[in-house]
Amino acid sequence: MAAAGEKGGSRPGWRSLGVSLVLLAALCQGSSVERKIYVSLNSTAPCVRLLNATHQIGCQSSRNGDTGVIHVVEKEEDLSWVLETGPNPPYMVLLEGNLFTRDTLLKFKESSRISGIAVMYAKPPPPEGFSLDLPCPNDGFGVYTDVHGPQYSHCNGTLWNPLGSGMSYEDFQFPIFLLQDENETEVIKQCYRDHNIPENDTAPKYPLCAMQLISPMHAVTSTVTCMRRNSIQMSFSINPEAVCDSLAGYNVWSTVKPVNNTATMAPEDQVVVSAARLDGRSFFWNLAPAAESTVSSLVTQLAAAEAIHKMADSQTLPRNIMFAFFQGEVFDYIGSSRMVYDMEKGRFPVRLNNIHSFVELSQVALRNSSVLWIHTDPISRSNESLNAEVEQMIAALKTSSRDTNVTLQEVGQSQALPPASFQRFLRARNIPGVVLTDHRATYRNMYYNSMYDMAASINVSYPSGLSKEEALNYITDTAQSLSEVATVLAKTLYQLAGGKDGAEIKVDVKSVTRMLYGFLVMSNNSWFQSIIRSDWKGHLEDKPPQYYVTATSMGNKPTPNPPTSFLISVLANLTGQVVNYTKEECQSPDKANDPKRELYEYLWVQGPLDDNSTTRAPYCVRSTLRSHLAESPAFELNEWDSKEYSTWTESRWKEIRARIFLVPSHELEVITLVVGIVVLLVSFGATYFINSKAAILFTSTQDGDAGAY
Ligand SMILES: *[C@@H]1O[C@H](CO)[C@@H](O)[C@H](O)[C@H]1NC(C)=O
Ligand SMILES: *[C@@H]1O[C@H](CO)[C@@H](O)[C@H](O)[C@H]1NC(C)=O
Ligand SMILES: *[C@@H]1O[C@H](CO)[C@@H](O)[C@H](O)[C@H]1NC(C)=O
Ligand SMILES: *[C@@H]1O[C@H](CO)[C@@H](O)[C@H](O)[C@H]1NC(C)=O
Ligand SMILES: *[C@@H]1O[C@H](CO)[C@@H](O)[C@H](O)[C@H]1NC(C)=O
Ligand SMILES: *[C@@H]1O[C@H](CO)[C@@H](O)[C@H](O)[C@H]1NC(C)=O
Ligand SMILES: *[C@@H]1O[C@H](CO)[C@@H](O)[C@H](O)[C@H]1NC(C)=O
Ligand SMILES: *[C@@H]1O[C@H](CO)[C@@H](O)[C@H](O)[C@H]1NC(C)=O
Ligand SMILES: *[C@@H]1O[C@H](CO)[C@@H](O)[C@H](O)[C@H]1NC(C)=O
Ligand SMILES: *[C@@H]1O[C@H](CO)[C@@H](O)[C@H](O)[C@H]1NC(C)=O
Ligand SMILES: *[C@@H]1O[C@H](CO)[C@@H](O)[C@H](O)[C@H]1NC(C)=O
């Protein structure tokens, strides 16, 4: 099945490597055998193949992996060795992070002398900025199209991400891995220094240090092609094996006043929606620290939700407030498009016409002299009644920012909305709404959708020498700044929901502090440990969560990825109540005799450590939060070539590995192979001879035996 996906021009020299190495081991003896042992690389992130309606992007190796002699490329001048002069192609390039640019990759793509790339982190991150996404993210799937607002489509007027190289959307026919551990990188470099350094520009001597990157991909061409293959497999194969899976996960949403999940809301009920996104990406699989692009707004919205839930009159506000976190938004708005679709189909408790207004937080951590920008949609505002409602929202925002360190400013009314989930709602219906960001036009985020959008890029850093527990509670300037934004958001939502102007709403900067630590630095902290749902405790890690949306096989429910499970646990803790349920009641509330159980979700959480620090005291938390399947409607509709909905799928693969080892010279290899073949032929001959003479060779003894009787 996967044959069509295999790389055409494989490297013949390496084909026989496995065989010859084994034979070589047999030929040579003692210490030389030892030196041919593989060292596997344990901390790498691969680039994998993704597909949409029309294209394939990402990377793949040939079926058994690609191998090449390692060459370290740290400066422009080193490129000529691998591209032109080096005598031992193909090369595996160990690429310095600052050279990981579109220009370099295009040179590698055109060269037949490159078998793969292992990228090192640039330290510090490139100061001029680095983004792997497109200059115009999510183009074509928002509200501006060639039909609707063509003057704003294709980022005409405002290019949001000018630093974007678009590398994440290129197709590569060789493997590219990121080396995530400096010590491992050092092991490779040492092997290179010991064996491969060209002396005075002459060829280094064998054996040479080589690397093998293995990441063959099953799916090819496009989602249309791979989905067709999937369905053929499903109908005709006894052992169906899909070749690609849709990108999918869960949206998370909750309301201030509980909503009956099995009914639909009355038409007169109104909801103020507050939205943020829940995912990010980079070039590499499952690598997306997404600090500014996602975590800044995620944490801010969580803090606002906590503050509003604490208000005494939150349950009696004239309008309800819904907090939504959308999944898969970087892949053409998977989560928001699914929610809008379900709202239109009446499969969601809230309908589109229940939405009173919409406030979305986009990137908010990098405010310049405290300014927060208000973006609105010029097209829907041309309707006077809607424009009036938007003006009211802006007025509410401005009164909410009194006495805070946030200065609200409107961008010009002729500017389009930046990429935002709100665009998917506007696509379906004109709703008054605003998008709040720290940028007026182009992103202030210099590392949008790259591996450098880390805690440090939004100034979340800690004095050295702090223990984990101290760092968890260490209030950074960023925590302070995001708390201010959260205060403005909470006050605005409260006002829009009909609460009285001037109410005292306090955002807890300690919550923001702990969330920033958990969502950006280390999920395995004492707070997350005590609030995580018991069966998700395996998601906690001593490193930052990654916000890449997961893939799910058709028709199966995805499992929440780690950041989603953290979000659910935190949201439940901040907005829920502890209830006196046993574990059984909590996990299947139908058994509990609660008349209001349709209104809530229950979470059985690990609980805090006991006094003696050995056992935990688990408990049950009741909250209004829900998760909502975020898979593109294109897959439910079987419209794999949809232009309306996201069509992104991820190829399946059998294995992904990387390793280094020493290779003997080409000549030696050939000799080994020839010897091997000779040995093989001799043994074939011997077998044939023995077989053909078997009668003579064996019957005589048998006869002898028989004669003994
Ligand atoms: C699929 O992705 C490619 C590469 O980014 C893009 O050029 C193309 O327009 C996309 N196709 C659709 C239907 O969105
Ligand atoms: C790398 O090596 C240094 C010194 O040998 C050690 O202190 C450090 O913990 C190692 N780092 C990792 C990530 O293993
Ligand atoms: C990866 O792990 C294996 C097994 O634990 C170990 O032998 C190998 O040395 C590690 N690789 C590196 C580069 O440290
Ligand atoms: C490399 O060149 C330098 C100076 O030209 C010379 O001293 C040295 O011996 C050369 N090394 C080798 C291995 O040829
Ligand atoms: C982040 O910190 C650096 C140095 O401490 C400072 O120059 C910069 O202005 C800060 N950025 C923000 C957005 O606070
Ligand atoms: C403006 O929008 C309202 C609903 O928001 C609609 O009833 C009205 O017809 C629209 N007016 C025009 C001129 O389109
Ligand atoms: C999480 O932290 C605890 C200590 O707080 C430690 O015992 C445990 O091994 C850590 N888990 C992981 C997966 O690192
Ligand atoms: C939330 O977490 C804190 C700290 O672990 C705990 O004291 C509190 O009871 C929790 N609240 C809920 C509703 O789970
Ligand atoms: C919780 O439930 C237990 C057993 O059902 C009961 O004994 C206890 O009084 C309850 N506590 C509260 C606070 O309702
Ligand atoms: C929720 O809605 C269902 C179906 O409409 C209804 O049977 C149930 O009583 C409602 N629950 C509550 C608590 O209102
Ligand atoms: C720790 O305390 C819990 C209850 O507080 C008790 O059940 C458990 O036996 C204690 N464990 C030890 C090792 O003392």
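We number each residue from 1, following the sequence as shown. Since this is a predicted model, take the numbers as computed values, not measurements.
Using a 4.0 Å cut-off between charged nitrogen and carboxylate oxygen, Glu344 and Arg429 do not count as a salt-bridge pair. Ion pairing of Arg444 with Glu292 is absent here, as no side-chain N (NZ or NE/NH1/NH2) approaches a carboxylate O to less than 4.0 Å. Salt-bridge check for Asp342 with Arg338: passed, with a basic side-chain N closer than 4.0 Å to an acidic carboxylate O. Salt bridge absent: Glu650 and Arg281 never bring a charged side-chain N and a carboxylate O closer than 4.0 Å.
Between His439 and His375, the angle of the ring planes lies from 30° to 60°, which puts this pair in the tilted group. Using cut-offs of 30° and 60° on the angle between ring planes, the pair Phe326 and Phe425 is tilted. Classification of the Phe422-Phe358 ring pair by plane angle, with boundaries at 30° and 60°, yields parallel.
Residues Thr54 and Ser222 have side chains not in contact (no heavy-atom distance under 4.5 Å, counting atoms from C-beta outward).
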Checklist entry - Where do Arg427 and Glu644 land on the salt bridge (charged side-chain N to carboxylate O under 4.0 Å, His left out) test, with the steps shown first? => result CA-CA 10 Å; Arg427 221 173 137 119; Glu644 170 79 12; 3.0 Å; yes
Checklist entry - What do the steps show when you test Phe174 against Phe108 for ring-ring contact (aromatic ring centres under 6.0 Å, His included), and what is the final call? => result CA-CA 9 Å; Phe174 48 75; Phe108 290 161; 7.1 Å; no
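Checking side-chain atoms of Ser282 against main-chain N and O of Ala288 turns up no donor-acceptor pair under 3.5 Å. Between the side chain of Glu184 and the backbone N or O of Ser43 there is at least one donor-acceptor pair closer than 3.5 Å. In this structure a side-chain-to-backbone donor-acceptor pair under 3.5 Å is present from Asn230 to Cys244.
Separating the OG atom in Ser168 from the CG atom in Asp133 is a distance of 6.0 Å, to the nearest 0.5 Å.
With hydrogens and angles left out, the side-chain atoms of Thr300 and Ser297 include no donor and acceptor closer than 3.5 Å.
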